[in-house]
Amino acid sequence: MASENSVTLVGNLTKDPDLRYTTGGRGVASFGLAVNRRYQSNGEWQEQTSFFNIVAWGDLGENFAASLVKGSRAIITGRLEQRSYETKEGEKRNVTEVIADDGGPSLRWAQAQVERIERDKPSSSSQSDRLAPQPDEEPF
């Protein structure tokens with residue numbers, strides 16, 4: 001049985017998407033997502049907020065950056081991924097991110113106007129190939 005690693009989150013952007021480009025010209029957007037959970041404990045309402053780092057590659061990242069702003073309510077589907085890096089001071093750090101496969105604005109309390117984007121040429125690579133960073137690409 002193959003292991004599954006998928007997540008769907010609904011929350012609010014904590015900042016405008018930060019769109020950058022790799023040296024190869026590939027777009028990558030990153031932003032924070034705050035997900036609230038409200039539950040009752042001993043007859044009193046409690047609220048818990050979890051914060052997630054979202055990374056979206058290629059056209060998806062560019063579309064996020066063009067469509068969503070801080071405070072926007074969004075639905076994100078993707079997978080959890082952990083990576084390690086070293087700070088400028090030489091300290092090793094680990095970070096867990098959600099690598100977005102798809103997403104958009106939540107329409108529960110808002111409306112959106114969809115604008116289809118024409119692409120110059122269709123990509124021959126699979127969706128997972130387009131979304132995954134290449135070995136020589138660093139997201140930030």
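Because only heavy atoms are used, hydrogens play no part in the values below, and waters and symmetry mates are left out as well, while side chains stay in.
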Might you point out which heavy atoms bring [X] and [Y] nearest each other, and give the distance in Å?
X: Phe64; Y: Pro17; result: O-CG, 3.8 Å
X: Ala74; Y: Leu13; result: CB-CD1, 3.8 Å
X: Ala100; Y: Ala56; result: CB-CB, 4.1 Å
X: Arg20; Y: Asp18; result: NE-OD2, 2.9 Å

Hydrophobic clusters here meaning ILVMFWY residues chained together by side-chain heavy-atom distances under 4.5 Å, can you tell me if [X] and [Y] are in one?
X: Leu9; Y: Leu60; result: yes
X: Val7; Y: Phe52; result: yes
X: Val35; Y: Val95; result: no
X: Leu80; Y: Ile54; result: yes

[X] side, atom [atom1]; [Y] side, atom [atom2] - distance, nearest 0.5 Å:
X: Arg38; Y: Gln48; atom1: CZ; atom2: CD; value: 14.0 Å
X: Lys15; Y: Ser30; atom1: NZ; atom2: OG; value: 4.5 Å
X: Arg116; Y: Glu118; atom1: CZ; atom2: CD; value: 6.0 Å
X: Ile75; Y: Arg108; atom1: CD1; atom2: CZ; value: 8.5 Å
X: Ile76; Y: Leu33; atom1: CD1; atom2: CG; value: 6.0 Å
X: Phe51; Y: Thr14; atom1: CZ; atom2: OG1; value: 7.5 Å

Sequence neighbours left out, what pairs pass ring pair (Phe, Tyr, Trp, His ring centres under 6.0 Å) with at least one residue falling in residues 81-119?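 Every candidate ring pair (Phe, Tyr, Trp, His ring centres under 6.0 Å) pair involving residues 81-119 fails, so no pair, neighbours aside, qualifies.
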Could you verify whether a donor N or O on one side chain and an acceptor N or O on the other, from Thr49 and Asn36, lie under 3.5 Å apart?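 Judged by distance alone, the side chains do pair up.
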Please check if any side-chain donor atom of Asn5 sits under 3.5 Å from a side-chain acceptor atom of Arg79, or the reverse.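 There is no such pair between these side chains.
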Verify the neighbour count for atom [atom1] of [X]: are there more than 12 heavy atoms of other residues, nucleotides or ligands below 6.0 Å?
X: Glu44; atom1: CD; value: no
X: Glu89; atom1: CD; value: yes
X: Glu115; atom1: CD; value: no

Which residues, ordered by chain and number, are linked to Trp45 in its hydrophobic cluster, where ILVMFWY side chains connect at heavy-atom gaps below 4.5 Å, directly or through other members?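 Trp45 shares its hydrophobic cluster with no other residue.
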For Tyr21, what are the other residues in its hydrophobic cluster, where any two members join if their side-chain heavy atoms are less than 4.5 angstrom apart?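 Answer for Tyr21: Leu19.
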Residues Asn94, Ser84; criterion side-chain hydrogen bond (donor to acceptor under 3.5 Å, both in side chains); working and verdict: CA-CA 4 Å; Asn94 291 312; Ser84 300; 2.5 Å; yes
Quick check against the 3.5 Å criterion: does Ser72 have a side-chain atom that pairs as donor or acceptor with the backbone of Val69?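 Yes, Ser72 side chain to Val69 backbone: donor-acceptor pair under 3.5 Å.
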Donor-acceptor pair, Asp16 side chain versus Lys70 backbone, under 3.5 Å?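 Pair found, side chain donor or acceptor close to backbone of Lys70.
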For the pair Val98 and Val55, evaluate side chain to side chain contact (heavy atoms under 4.5 Å, CB included) and give the outcome as yes or no after the intermediate values. CA-CA 6 Å; Val98 175; Val55 177; over 6 Å; no
With the threshold set at 4.0 Å, does a side-chain nitrogen-carboxylate oxygen contact exist between Glu81 and Arg83?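 Judged by the 4.0 Å cut-off on N to carboxylate O distance, Glu81 and Arg83 do not form a salt bridge.
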